[in-house]
Amino acid sequence: MARPQSRYVCQSCGDAVLRWEGQCRACGAWNSLVETVIREPSRTNRPTGPRAVGASGVGAQALGEIGTADIPRLTVGIGELDRVLGGGLVPGSLILLGGEPGIGKSTLLLQAAAGLVRGDDPSARVLYATGEESAAQVRLRAGRLGLLDGVAAARVTILAEHEVGQIVEEARGTRPIAVIVDSVQTATTDDLDGPAGSVGQVRETTVRLMDYAKRAGVAVILAGHVTKDGSIAGPKTLEHLVDAVVNLEGERYAGLRVLRASKNRFGSTEEVGVFEMGETGLIEVADPARAFLVEHSVPAAGSVVAPTMEGSRPLLVEVQALVTPATYGNPIRRASGLDGNRLNLLTAVLGRRAGIALGSHDVYANLAGGLAVNEPGLDLPLALALASSLRDRPIRPGTVVIGEVGLLGELRSVSGLERRLREAARLGFAHAIVPRPARGRPAPEVQGVHIDVAETLREAVERALSDPVGRSDAIPAMLG
Ligand code: TYD
Ligand code: MG
């Protein structure tokens, strides 16, 4: 077969040249040339974009005439994963599973492969193609996960191969219900010369797998390494090519992992799945609401528990802050798991509106458990954690705090407040500091929780830090 030609195409002006050059001659952009396969016109005309499953191919249809048949789903049987996918895998979709190296992508994918073939159909197969490890290494992991005794031993097939042409050929021959490719950074196509992981290779291999997925109606999951700054290594373009991007997050050396969709054409991007990495792989966390709470034997200054919402599910998290006098130069402001800009803003608002001057202090803030949450409701917990650390006074044990802080030091309520507080009550929290609800609505009432309503940041700081500390009846029974 004649090899398709490749060209180096400038990503900023679209000019194409035969050889790689550091600078585009047409527009002068540096490092913008990416090796790209040039296809024959008949092939370039075909749609490569994702087509909804069940597309009839009859051209445009009136909105009202389109059937409402549900999107078929292939459940993985791992509840937390199915939840994030929006109810299971959609046949014909391409899913990118991102995460830092070592976070557990291969583990989750192997468990998912086993889950997909768990049913009664003896002919159901999953093809697991790995370009990173040998088949023996995958078998070793399967043994650790206890998969060698089950049906997965016969129904999950391992292909140690990185060339997508070969992978697709194997898949066409064996007709699996799903294909897993681990990882996109090691996948290559022989039609390009660039090394594995280069922009051209990563994009072209993804396009080919997408094409296979759509044509064969088979779900394809692609693992992709994410760099420290959070982008999927290689081109950003990958994210808009695929149907769903799910990310596995967490601290590598801590046990908890959060699975979150940052894009999903077949479901919500709100839901999170919570796992714990154990001796036998990723285990679903039975009670995620409390998974991220840390037990303190004595009340700790700088720690505040916040009832956040992840999608439809309340999740209690602990915001931690540490404030120390700055030694030299510009004071440090560091946030992990929290928005750094909000931290800067809150230190300013605290200084101007609540008498908590942090201008000459180093400030560190993080979420316990390696979780990253980006919701405005964390403002107030973070502000109170900072105040608590500066004054070196713990806030009363058994207290939860939630609310958004405005520039004037005013507090705004959050959605689903009652839901969050009920969950806090369930976990044994007996006290809550919350903003006054908007538009004159009454403050929520939740059985078992004493609710303290504050209108301003100053008021909230006073309430939180003037309470008697260490009352034993206030310590949540279920955390003890
Ligand atoms: P892996 O799935 O290989 O990560 P990735 O594919 O994202 O690079 O998992 C890496 C880590 O998980 C590795 O350090 C070992 C650990 N691990 C466990 O703790 N328990 C297990 O059962 C397995 C399979 C792995
Ligand atoms: Mg891996």
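In this text, all values refer to a predicted model and were calculated from it rather than measured experimentally. In each ligand, atom 1 is the first atom listed, and ligand 1 is the first ligand listed. Only this structure's heavy atoms are used, side chains among them; waters, hydrogens and symmetry mates stay out.
- For atom 13 (C) of ligand 1, the nearest protein heavy atom lies 4.0 Å or farther away.
- Per-residue contacts place T280 under 4.0 angstrom from the following atoms of ligand 1 (heavy atoms of the residue considered): 22 (O).
- Between R419 and E423, no side-chain nitrogen of the basic residue sits less than 4.0 Å from a carboxylate oxygen of the acidic one, so the salt-bridge criterion is not met.
- Under 4.0 Å from ligand 1, the heavy atoms of P101 that appear belong solely to its backbone.
- Protein heavy atom nearest atom 20 (N) of ligand 1, with residue, atom name and distance: G278 O, 2.7 Å.
- Judged purely by distance below 3.5 Å, without hydrogens or angles, the side chains of T186 and E132 never pair a donor atom with an acceptor atom.
- To the nearest 0.5 Å, the span separating CG on L159 from CG on L127 amounts to 5.5 Å.
- Considering only non-hydrogen protein atoms, atom 22 (O) of ligand 1 sits nearest to G281 N, 2.6 Å.
- One side chain, S106 or D182, offers a donor N or O that lies under 3.5 Å from an acceptor on the other.
- Inter-residue side-chain proximity for R155 and P122 is flagged as met; some heavy-atom pair is nearer than 4.5 Å.
- Selection from G104, A223, G99 by nearest heavy atom to atom 4 (O) of ligand 1 gives G104.
- Heavy atoms from both the backbone and the side chain of K105 come within less than 4.0 Å of ligand 1.
- Here the shortest heavy-atom distance to atom 25 (C) of ligand 1, taken over H225, R144, Q137, E276, belongs to R144.
- No side-chain heavy atom of R125 sits under 4.5 Å from any side-chain heavy atom of R175.
- With I95 as reference, L85 is the one residue of L85, V242, V90 to meet the side-chain contact (heavy atoms from CB on, under 4.5 Å) rule.
- Looking only at protein heavy atoms, the nearest one to atom 17 (N) of ligand 1 is M277 SD, 3.7 Å.
- Scanning all protein heavy atoms for the shortest distance to atom 6 (O) of ligand 1 gives S106 OG, 2.6 Å.
- When only non-hydrogen protein atoms are considered, atom 8 (O) of ligand 1 lies nearest to G102 N, 2.7 Å.
- At a heavy-atom cutoff of 4.0 Å, ligand 1 is contacted by no atom of L108, backbone or side chain.
- Residue S183 does not count as close to the Mg ion (ligand 2), with no N, O or S atom under 2.8 Å.
- Remark: I283 CD1 to I78 CD1 distance equals 11.5 Å, nearest 0.5 Å.
- D243 and K214 are joined by a salt bridge, as a carboxylate oxygen and a charged side-chain nitrogen come within less than 4.0 angstrom of each other.
- Remark: Q111 CD to L116 CG distance equals 12.0 Å, nearest 0.5 Å.
- Atom 9 (O) of ligand 1 has T107 OG1, 3.5 Å as its closest protein atom, hydrogens excluded (heavy atom only).
- Atom 3 (O) of ligand 1 has its closest protein heavy atom at R141 NH2, 3.0 Å.
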